[in-house]
Amino acid sequence: MPELPEVEVTLRGISPQLKGRLITGVVVREPRLRWRVQDAVGRVAGREIRALRRRGKYILLDCGDGHLIFHLGMSGSLRLLEQATPPQKHDHFDLQLGELTLRLRDPRRFGAVIWTDQSPDTHPLLRHLGVEPLTRAFDGRRLHALTRGLRSAIKQTLMDSSRVVGVGNIYANESLFLAGIHPATRAGRLSLARCISLAAATKKVLRDAIRAGGSSLRDFVGSDGRPGYFQQRYRVYDRAGEPCRCCGTPIRRQVQGQRATFYCPSCQR
DNA sequence: CTCGCCACCTGGGGGC
DNA sequence: TGCCCCCAGGTGGCGA
């Protein structure tokens, strides 16, 4: 699923082409996404896309008197088509911009398309989002403060979007490996030094993934529709039983909060 | 507030 | 070949 890097890569892919464009039409083929696509979404034609930005894993299109908000869920992708192409299975939504089409494909329908005339940051879905990991506001000190008093595992805390946004299962595993921290460590017990290390590792993992052009989910597709993603070389994710790239110890898999966790029992303490 | 867990949905892979 | 089960992913929402 798209984690922050995939969403960021998508945003960068579509922004230059969409900015300043007039929305000329909307096609909702399947309104049953995570939330039923409201009728208001169908009436956004005639507006100009003034700006695009990302908040957590949400993509926000500023349309002047409101915002169109996209979330890619676990299997969504947005692609920009230069010419009309017949929709395929799971192509649930199109935004038409003259000859351009922005198309949402989402086999599992966990994604969302939302219209809001509020300030998007106060929208119920975005209001409680935590700090952006790639900003200066997110550092070891902040992470340390955020985790005080918490008894839950640091991996789950890192994935908790009300504290830090954008870090999903893959990059949580990778960040903890880079920082040398065992994923089950209680968040509240991490020293400041370890929080500094983890914040830096998280930034590095996310930045590297963005640089690599997104990630890795098999069905993730960039905004130009290029399926061949530079598959990233994971250090621990999905490598159960394989040797740690650092020390050779077999990578271990364990379930935390109904989610697979991968770690090196020797490098991560 | 925190925590643990369920639900939502579909395609792909493995086992038989 | 077909069938069945399990799994992946993000996150809102529930009850304790």
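Worth saying up front: this structure is predicted, and the values here are computed from it rather than measured. Convention: sequence-line order gives letters A, B, ...; per-chain numbering from 1.
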Practice task
Verify side chain to side chain contact (heavy atoms under 4.5 Å, CB included) between A:T157 and A:L146, making sure each step is shown before the conclusion.
Solution key: CA-CA 9 Å; A:T157 304; A:L146 273 171; over 6 Å; no
Quickly work out the [X] [atom1] to [N] [atom2] distance and round it to whole Å.
X	N	atom1	atom2	answer
A:E3	C:dT11	CD	P	9 Å
A:R253	C:dC6	CZ	P	14 Å
A:L126	C:dG12	CG	P	9 Å
A:D238	C:dA8	CG	C1'	9 Å
A:L4	C:dT11	CG	C1'	15 Å
A:Q156	B:dC1	CD	P	20 Å
A:I114	C:dT11	CD1	P	12 Å
A:Q256	B:dC3	CD	C1'	14 Å

Practice task
Encode nucleotides 5-10 of chain B as B, S and - characters from 5' to 3', where the letter depends on protein heavy atoms closer than 4.0 Å: B to the base, S only to sugar-phosphate, - to neither.
Solution key: BB-BBB
Exercise for the section: Indicate whether any N or O donor in one side chain lies under 3.5 Å from an N or O acceptor in the other, for A:E174 and A:Y234. Expected result: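 Their side chains do not contain a donor-acceptor pair, so the 3.5 Å distance test is not met.
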Exercise for the section: Compare the minimum distances between each of C:dT11, C:dA8, C:dG12 and the side chain of A:K57, then state the nucleotide with the smallest one. Expected result: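 The listed nucleotide nearest to A:K57's side chain is C:dT11.
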Problem - Among C:dT11, C:dG12, B:dC3, the one nearest A:S152 by side-chain distance - result: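 For the A:S152 side chain, the nearest candidate turns out to be B:dC3.
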Exercise for the section: Check the pair A:F110 / A:S75 against side chain to side chain contact (heavy atoms under 4.5 Å, CB included), numbers first and verdict last. Expected result: CA-CA 7 Å; A:F110 280 6; A:S75 60; 5.8 Å; no
Exercise for the section: Using modelled atom types only, decide if a donor and an acceptor are shared between the side chain of A:R109 and the backbone of A:R34 within a distance under 3.5 Å. Expected result: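 Pair absent, no side-chain N/O of A:R109 close to backbone of A:R34.
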Problem - Residue list, side chain to side chain contact (heavy atoms under 4.5 Å, CB included) with A:N169, at least two apart or on another chain - result: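 Here the qualifying residues are A:K155, A:M159, A:N173, A:Y237, A:R259.
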Exercise for the section: Answer yes or no: is there an ion pair linking A:D39 with A:R43, defined by an N-O contact shorter than 4.0 Å? Expected result: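 Judged by the 4.0 Å cut-off on N to carboxylate O distance, A:D39 and A:R43 do not form a salt bridge.
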Exercise for the section: Using a strict cut-off of less than 4.0 Å between a Lys/Arg side-chain nitrogen and an Asp/Glu carboxylate oxygen, indicate whether A:R50 and A:D65 qualify as a salt bridge. Expected result: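 Result for this pair is no, no salt bridge flagged.
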Exercise for the section: Using a heavy-atom cut-off of under 4.0 Å over every strand shown, decide if A:R148 touches base, sugar-phosphate, or nothing. Expected result: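 The residue A:R148 makes no contact with any strand.
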